[in-house]
Amino acid sequence: MLEKFSNWKSKAEQEKKDEPIRLDNVPKHVAIIMDGNGRWAKKRGLPRIAGHREGMNVINKMVRQANSLGVEVLTLYAFSTENWKRPKNEVDFLMRLPERYLSVELPKLIEENVKVRLMGCKDSLPTHTIKAVDNAIEKTKENTGLILNFALNYGSRDEIVTAIQAIATKVAEGKINPSDVSNTLVSEHLMTSELRDPDLLIRTSGEIRLSNFMLWQLAYTEFWFTDVLWPDFTEQHFLEAVNVYQQRTRRYGGI
Ligand code: IPE
Ligand code: IPE
Ligand code: MG
């Protein structure tokens with residue numbers, strides 16, 4: 001009996017057949033919680049950082065895939081504000097990943113018209129990490145294709161607190177009235193101010209939680225969870241998620 005309720009998929013969804021992807025209904029903003037690198041490594045008797053290295057290679061595939069499908073924004077959760085709790089050697093390795101990734105991939109991203117963007121608190125990131133990301137942002141700033149939004153040292157609660165502080169300051173200074181605070185105004189004070197809300201959220205590794213990710217922005221997003229560990233995630237899995245998305249009915253509270 002318990003088993004029946006432990007699956008996150010509805011019965012109808014489990015029985016649905018794969019349909020061909022409809023290019024007129026591709027999620028415009030896809031957000032991914034890339035989870036399971038550590039477990040992938042552990043299963044192979046490797047150190048956790050080997051999982052992160054492998055996971056980095058999957059990013060390329062997803063960028064190409066998103067771009068070819070016509071996705072407009074791909075947000076990737078790479079490091080949370082809570083991930084500082086990890087052992088120093090792991091954190092150091094993760095902080096080197098952006099420059100490793102970009103030193104190889106930036107020329108391709110430039111050529112493929114991808115625009116790199118950062119979402120997260122820059123203050124506590126090491127200088128070498130910021131330098132690599134800033135360089136990529138600068139070199140791709142004129143690009144008009146896929147927006148590749150890296151969530152690095154990102155935490156949704158911190159983001160909301162910062163927005164509230166900024167709004168409260170404006171109220172205290174008399175620049176706006178409390179009654180001017182609206183959904184739109186709050187959205188404009190978040191790190192995603194110029195992005196649309198995600199249409200599809202993917203989380204790998206079998207964890208069914210948000211782990212402090214985009215709490216405000218995910219209000220009406222479709223969720224898709226998979227047991228697949230991030231380093232094993234393929235284009236086919238991405239298509240499966242899009243497929244399920246296309247079979248959902250988004251009602252936004254309507255009928
Ligand atoms: C996701 O994989 C990557 C980051 C959080 C940086 P994990 O490192 O969380 O892998 P697991 O969850 O321990 O398997
Ligand atoms: C979420 O994964 C953060 C990233 C994928 C970057 P975690 O592995 O940190 O999440 P918890 O700790 O299992 O909730
Ligand atoms: Mg994890």
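In each ligand, atom 1 is the first atom listed, and ligand 1 is the first ligand listed. Excluded from the calculations below are hydrogen atoms, water molecules and symmetry mates; all remaining heavy atoms, backbone and side chain alike, are included.
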Is there a nitrogen or oxygen of [X] sitting under 3.5 Å from a nitrogen or oxygen of ligand 1?
| X | value |
| --- | --- |
| Asn83 | no |
| Trp40 | no |
| Gly38 | yes |

TODO: Just let me know how Phe213 lines up against ligand 2, side chain, backbone, both or neither, with a heavy-atom cut-off below 4.0 Å.
DONE: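 Near ligand 2, Phe213 shows nothing, with every heavy atom at 4.0 Å or more.
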- [ ] Indicate the ring-plane relationship of Trp230 and Phe233, choosing parallel, tilted or perpendicular according to the 30° and 60° boundaries.
- [x]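 Geometry flag for Phe233 against Trp230: parallel rings.
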TODO: Classify the angle between the aromatic ring planes of Tyr101 and Phe150 as parallel (below 30°), tilted (30 to 60°) or perpendicular (above 60°).
DONE: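 Ring orientation of Tyr101 relative to Phe150: perpendicular.
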TODO: Under 4.0 Å, heavy atoms only, figure out whether ligand 1 is touched by the backbone of Ser205, its side chain, both or neither.
DONE: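 No part of Ser205 comes within reach of ligand 1.
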Task: Whether over 12 other heavy atoms sit under 6.0 Å from Glu111 CD - done: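 Counting neighbours around CD of Glu111, 12 or fewer heavy atoms of other residues, nucleotides or ligands fall under 6.0 Å, so no.
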TODO: Return yes when atom CZ of Arg157 has more than 12 non-hydrogen atoms of other residues, nucleotides or ligands closer than 6.0 Å, and no otherwise.
DONE: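 Incorrect, the count does not exceed 12.
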TODO: For atom 12 (O) of ligand 2, grab the closest protein heavy atom and report residue, atom and distance to one decimal in Å.
DONE: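 Looking only at protein heavy atoms, the one closest to atom 12 (O) of ligand 2 is Arg209 NH2, 4.6 Å.
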Task: Nearest non-hydrogen protein atom, atom 6 (C) of ligand 1 - done: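 Closest protein heavy atom to atom 6 (C) of ligand 1: Ala78 O, 3.3 Å.
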- [ ] In plain terms, say whether Arg86 and Glu90 are close enough for a salt bridge, that is, a side-chain N and a carboxylate O under 4.0 Å apart.
- [x]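 Yes, charged N to carboxylate O under 4.0 Å.
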Task: Any Lys85 heavy atom less than 4.0 Å to ligand 2 - done: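 Judged by the 4.0 Å heavy-atom criterion, Lys85 does not count as contacting ligand 2.
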Open item on the list: Any heavy atom of Glu207 closer to ligand 2 than 4.0 angstrom?
Closed with: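 Distance cut 4.0 Å: Glu207 fails for ligand 2.
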Task: Arg48, Arg86, Glu90, Met34: member with heavy atom nearest to atom 13 (O) of ligand 1 - done: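 When every heavy atom of Arg48, Arg86, Glu90, Met34 is considered, Arg48 comes closest to atom 13 (O) of ligand 1.
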Open item on the list: Minimum distance, heavy atoms only, to atom 10 (O) of ligand 2: which one of Arg203, Glu82, Arg39 is it?
Closed with: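 Result: the heavy atom closest to atom 10 (O) of ligand 2 is in Arg203.
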- [ ] Mark whether atom 2 (O) of ligand 2 lies under 4.0 angstrom from at least one protein heavy atom.
- [x]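 Yes.
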Open item on the list: Let me confirm one number: the CZ-OG distance from Phe213 to Ser80, rounded to the nearest 0.5 Å.
Closed with: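 OG of Ser80 is found 10.5 Å from CZ of Phe213.
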Open item on the list: Starting from Met62, can I reach Val114 by hopping between I/L/V/M/F/W/Y residues whose side chains sit under 4.5 Å apart?
Closed with: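 In one cluster: yes.
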Open item on the list: With a 4.5 Å cut-off on side-chain heavy-atom distances among I, L, V, M, F, W and Y, is there a chain of contacts connecting Ile59 to Leu239?
Closed with: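 Yes: a chain of side-chain contacts under 4.5 Å links Ile59 to Leu239.
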Open item on the list: Geometry only, no angles: is Asp35 polar-contacting ligand 2 at N/O separations under 3.5 Å?
Closed with: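 The answer is yes, given that Asp35 and ligand 2 share an N or O pair closer than 3.5 Å.
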- [ ] Output, in order, the C-alpha distance, side-chain angles, deciding distance and verdict of side chain to side chain donor-acceptor pair (under 3.5 Å) for Asn153 and Ser124.
- [x] CA-CA 8 Å; Asn153 194 20; Ser124 30; 3.0 Å; yes
TODO: Give the atoms of ligand 2, by number and element, whose distance to some non-hydrogen atom of Ser211 is under 4.0 Å.
DONE: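 Selected atoms, number and element: 1 (C), 10 (O), 11 (P), 14 (O).
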Open item on the list: Under a 4.0 angstrom heavy-atom cut-off, which atoms of ligand 2 come close to Phe79?
Closed with: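 Atoms satisfying the 4.0 Å criterion: 6 (C).
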TODO: Show which atoms of ligand 1 fall inside a sub-4.0 Å distance from at least one heavy-atom site of His52.
DONE: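 Per the distance check, 3 (C), 8 (O).
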Open item on the list: In the structure I gave you, are the side-chain heavy atoms of Val91 and Phe79 within less than 4.5 Å of one another anywhere?
Closed with: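 Side-chain contact under 4.5 Å: yes.
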Open item on the list: I'd like to check His128 versus Arg96 (side-chain heavy atoms, cut-off strictly below 4.5 Å). Are they in contact?
Closed with: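 They are in contact (side-chain heavy atoms under 4.5 Å apart), so the answer is yes.
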Open item on the list: Which atom name would you report as the N, O or S atom of Asp35 nearest the Mg ion (ligand 3)?
Closed with: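 Nearest N/O/S atom: OD1.
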